[in-house]
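Heads up, the thing below is written out as structure tokens.
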2 protein chains.
Amino acid sequence: MGNDDALNLENEIGFALYACSKGWIQKYSPVLERLNLTYTSYLTMLALWEQDKISVSELGKKLYLDSGTMTPLLKKMEKQGFISRDRSEFDERVVFIQLTEKGRALHKQATKLLSTLKESLGTMENNSWAEGLKQLLPKLYLK
Amino acid sequence: MGNDDALNLENEIGFALYACSKGWIQKYSPVLERLNLTYTSYLTMLALWEQDKISVSELGKKLYLDSGTMTPLLKKMEKQGFISRDRSEFDERVVFIQLTEKGRALHKQATKLLSTLKESLGTMENNSWAEGLKQLLPKLYLK
DNA sequence: TACAATTCTATTGTATACAATTTTTTTAAA
DNA sequence: TTTAAAAAAATTGTATACAATAGAATTGTA
């Protein structure tokens, strides 16, 4: 007993999360590439498909990303034609992000392309523990 | 039913892992900063404290990182004086990483500094589900 | 109403990550 | 044993992330 406190890789929940998260992203990436999305821009599209016309900071809160990450990401997505960035008329500090027609259209393609991947991961997700993970992990959002 | 397949942020285990992993790293970072370590170099030190004198590729396998990440990271850690990088005499392709005295000495300081953090996180880890997480997450290492 | 504090986005600087390629060395095969 | 294939590390290019700071706009307050 007490040995659980020792510093080592296997003991670190943090390492498990880190490795796991990267692995998961790598499973998605080749599929997302066909949609010209990275994992981060995919998450951004997910957030926008749920709630369109949202400020940069609100979007960042949803995704746990700050303006230093969001600004260049959104500029790139604008250049790709998925979104528009427009400064609010009422408060010039605020920039609203909106899906373009192309951005909205991507939803259908994404659903289609990801369904196969989701099915194969689904065989994992259907394991008893996966539902548990979905509920446990948010408790660890530490920030 | 069926609605679980819908594309949205809350449904994505991947997003939960991603957010959770980042949050965890941010809890560690301020403490690690006092040791002049980033989270990645901390993981590297953990691996080396467990097994000293190891090749770059073996180290990368342990940490799930490729040479494109390892090489600059290790060069920086060498400059900091934590490790040495020496090409193998038997196979000139291989570079062995070894802890310096300073690198070994860091173990004690790390244990001390992290104990407080680990205690406060420990109250979380002691929850019934934390032990489960430790066992479940490795099953998701997809690469 | 001046002006201090706050808010929001953008910028700068540093540190990861990984795919793809290159270089050097070693191994395997014809 | 020449030559093709493989292996290991390094390099190049692209994409994140986040801390710290800056700059512009807005809000709160004396």
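FYI, side chains are in, hydrogens and waters are out, and symmetry mates aren't considered; it's all heavy atoms of this structure. Small disclaimer: the values here were computed from a predicted structure and weren't measured.
Remark on DNA chain C: of its neighbouring residues A:E33 and B:L73, the 5'-side contact belongs to B:L73, judged by nearest-heavy-atom nucleotide. Between B:T40 and A:L74, the one whose closest nucleotide on DNA chain C sits nearer the 5' end is A:L74.
Between B:Y18 and D:dA17 there is a side-chain polar atom (N or O) within less than 4.0 angstrom of OP1 or OP2. A:K75 has no side-chain polar atom (N or O) that falls below the 4.0 Å cut-off from OP1 or OP2 of D:dT16. Under 4.0 angstrom from either OP1 or OP2 of C:dA17 there lies no side-chain N or O belonging to A:K22. Within the 4.0 Å cut-off from OP1 or OP2 of D:dA9, at least one side-chain nitrogen or oxygen of B:S57 is found. Taking 4.0 angstrom as the limit, A:T38 places none of its side-chain polar atoms (N or O) nearer than this to OP1 or OP2 of D:dA15. Close to D:dA8, at under 4.0 Å from its OP1 or OP2, lies no side-chain N or O of B:R85.
Note on A:T69: a base of the nucleic acid sits closer than 4.0 angstrom, heavy atoms only.
When each of A:K75, A:K76, A:M77 is checked for a side chain to side chain contact (heavy atoms under 4.5 Å, CB included) with A:L73, only A:M77 meets the rule.
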Give the table of side-chain donor-acceptor pairs shorter than 3.5 Å for residues 98-105 of chain B, with sequence neighbours excluded, one pair per line with atom names and distance.
unit_1, atom_1, unit_2, atom_2, d
B:T100, OG1, B:G81, O, 2.5
B:T100, OG1, B:F82, O, 3.1
B:T100, OG1, B:K102, N, 3.4
B:T100, OG1, B:G103, N, 3.0
B:E101, OE1, B:R104, NH2, 3.1
B:K102, NZ, B:Q80, O, 2.7
B:R104, NH1, B:L99, O, 3.3

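As a whole-Å value, the separation of A:M70 CE from D:dA17 C1' is 12 Å. Put simply, CG on B:L32 is 16 Å from C1' on D:dA19, counting in whole angstrom units. Here D:dA9 presents its C1' atom at 14 Å from CG of B:D86, a figure rounded to the nearest Å. Between the CD1 atom of B:I97 and the C1' atom of D:dA8 there is a distance of 12 Å, given to the nearest Å. In this entry the distance linking OH of A:Y64 with C1' of D:dT16 reads 19 Å, nearest Å. We find that CG of A:D66 is positioned 11 Å from C1' of C:dT9, with the value rounded to whole Å. At whole-Å resolution of the value, CG in A:L63 and C1' in D:dC18 are 15 Å apart. In this structure, A:L59 atom CG and C:dC8 atom P are separated by 14 Å, rounded to whole Å.
No donor-acceptor distance shorter than 3.5 angstrom exists from the side chain of B:S41 to the backbone of B:L37, with no hydrogens or angles considered. Between the B:S115 side chain and the B:K112 main chain, a donor and an acceptor come within less than 3.5 Å of each other.
Aromatic ring orientation, A:W49 versus A:H107: perpendicular (interplanar angle above 60°, classes split at 30° and 60°).
Going from atom CD1 of A:I97 over to atom OG1 of A:T44 covers 9.5 Å, rounded to the nearest 0.5 Å.
Of the candidates C:dC18, D:dT16, C:dT9, C:dT9 carries the atom nearest the A:S55 side chain, counting heavy atoms from C-beta on. Of the candidate nucleotides D:dA9, D:dT16, C:dT9, D:dA9 has the atom lying nearest to any side-chain atom of B:T71.
Side-chain contact between A:M45 and B:L7: absent, with no pair of heavy atoms (C-beta onward) separated by less than 4.5 Å. In this structure, B:K62 and B:E50 have side chains that are in contact, with non-hydrogen atoms separated by less than 4.5 Å.
A donor-acceptor pair shorter than 3.5 Å can be found between the side chains of A:Y42 and B:E12.
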Look for any protein N or O under 3.5 Å of an N or O in nucleotides 12-14 of chain D and output each such pair with its distance, or none.
none

Using atom names, set out every protein N or O paired with an N or O of nucleotides 21-26 of chain D below 3.5 Å, distance rounded to 0.1 Å.
unit_1, atom_1, unit_2, atom_2, d
D:dT26, OP1, A:E92, N, 3.3

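In this structure D:dA30 sits in a base pair with C:dT1, meeting the Watson-Crick or G-U test at under 3.5 Å.
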Q.
Determine whether A:L59 and A:L74 satisfy the following criterion, side chain to side chain contact (heavy atoms under 4.5 Å, CB included), listing intermediate values before the conclusion.
A. CA-CA 10 Å; A:L59 196 50; A:L74 293 170; 4.0 Å; yes
